[in-house]
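What follows is a set of notes on a single structure, which appears directly below.
Each chain gets a letter, A, B and so on, in the order the sequences are listed, and its residues count up from 1.
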There are 2 protein chains.
Amino acid sequence: MLIDETHPVTADLRLPKVLAALADPARLLMVRALNRVGESSCTRLQQTAGLTISRSTFSHHQRVLRESGVIQVRVSGSQRILSLRRDDLDACFPGLLNAVLHTASKFIET
Amino acid sequence: MLIDETHPVTADLRLPKVLAALADPARLLMVRALNRVGESSCTRLQQTAGLTISRSTFSHHQRVLRESGVIQVRVSGSQRILSLRRDDLDACFPGLLNAVLHTASKFIET
DNA sequence: CGAATACATCGATGGGTATCGAACAGTACG
DNA sequence: CGTACTGTTCGATACCCATCGATGTATTCG
């Protein structure tokens, strides 16, 4: 199920791209926060994840996560609702998302 | 158990570093080849993994994998024997290594 | 000792990327 | 309509990184 042309279809997901998307500390926080709240708008997620970055930088990270296939973006009024592509990720990379989500926080902080 | 000062101890492993190390296609091939053969010297692993890169580039990748904690390097005569740090990775990031190792090849190739 | 093997390191280069502020575009609302 | 809100895009900057050839170092072997 393709959302639109800005999201890759499941068959086009690639492990190196996904790993690179998850390798950034800010994006890792976004993904783990999304897992807790289910779905969220950009502004709200930025607060939930505790990110002190500019809105343009957040937008950049959102794009990287979306283009790698990690998250899904749905438009609702004036805001974009972000959510994890759990099923697609589990189908392509079994166990990967869970491993990233369940890693202890002490192994993430610098 | 610390090998030497060029390897991080288990408590110092960090998820973003490990993910970044695994996010490169060449290094991903090295890790998956290491999983098949158990352990291997540099020259032999380069052939096993089917990598057509220069020796200096291979040495660079080996260093990244080592400094992130993904692999272990042991000196044996004039050669270095590489192997995965399975137990340490499983202890810090349960399920991550298996997920990377068991991902279908079609999701790795470009 | 001398030659060959196995890797590491250095310096250079080109391409990627994280970051920001400023400017832009769409929606909601009074 | 005009203001506020939500988010994207653009251009610039600084930094990181993958790659290579050349050089250096240690080990093995004859």
Checklist entry - B:S41 or A:S54: which one's nearest nucleotide on DNA chain C is closer to the 5' end? => result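 First, find each residue's nearest nucleotide; the 5'-ward one identifies B:S41.
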
Checklist entry - Which atoms form the tightest heavy-atom contact between B:L13 and B:F93, and what is the distance? => result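 So the two residues come closest at CB-CZ, 3.9 Å.
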
Item to check | Flag if over 12 foreign heavy atoms under 6.0 Å of CG, A:D87 | outcome: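 Counting neighbours around CG of A:D87, 12 or fewer heavy atoms of other residues, nucleotides or ligands fall under 6.0 Å, so no.
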
Checklist entry - In a check of side-chain contact (heavy atoms from CB on, under 4.5 Å) between B:I71 and each of B:Q62, B:E39, B:M30, B:R85, which one passes? => result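 The residue from B:Q62, B:E39, B:M30, B:R85 that satisfies side-chain contact (heavy atoms from CB on, under 4.5 Å) with B:I71 turns out to be B:Q62.
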
Item to check | Touch class at under 4.0 angstrom, heavy-atom based, for A:R27 against every strand present | outcome: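 Contact class for A:R27: sugar-phosphate only.
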
Whole-Å distance separating the [atom1] atom of [X] from the [atom2] atom of [N]:
X: A:H61; N: C:dA18; atom1: NE2; atom2: P; answer: 6 Å
X: B:R74; N: C:dA8; atom1: CZ; atom2: P; answer: 14 Å
X: B:L28; N: D:dA18; atom1: CG; atom2: C1'; answer: 16 Å
X: A:L29; N: C:dA18; atom1: CG; atom2: P; answer: 14 Å
X: B:R63; N: D:dT19; atom1: CZ; atom2: C1'; answer: 15 Å
X: A:I81; N: D:dT8; atom1: CD1; atom2: C1'; answer: 16 Å
X: A:L19; N: D:dC17; atom1: CG; atom2: P; answer: 16 Å
X: A:L22; N: C:dT17; atom1: CG; atom2: P; answer: 14 Å

Taking only N and O in the side chain of [X], is any of them less than 4.0 Å away from OP1 or OP2 of [N]?
X: A:H60; N: D:dC10; answer: no
X: B:R55; N: D:dT19; answer: no
X: A:R80; N: C:dG26; answer: no
X: B:T43; N: C:dC7; answer: yes
X: B:Q62; N: C:dC7; answer: no
X: B:S59; N: C:dA8; answer: yes
X: B:S78; N: D:dT28; answer: no
X: A:Q79; N: D:dC5; answer: no

Checklist entry - Same hydrophobic cluster for A:V64 and A:L51, using side-chain heavy-atom links shorter than 4.5 Å among ILVMFWY? => result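 A:V64 does not cluster with A:L51.
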
Item to check | Flag, side chain of A:S54 to backbone of A:T57, donor-acceptor distance under 3.5 Å | outcome: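 Pair found, side chain donor or acceptor close to backbone of A:T57.
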
Item to check | Nucleotide nearest B:S56 when distance is taken to its side chain, options D:dG21, C:dA18, C:dA8 | outcome: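 Shortest atom-to-atom distance from the side chain points to D:dG21.
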
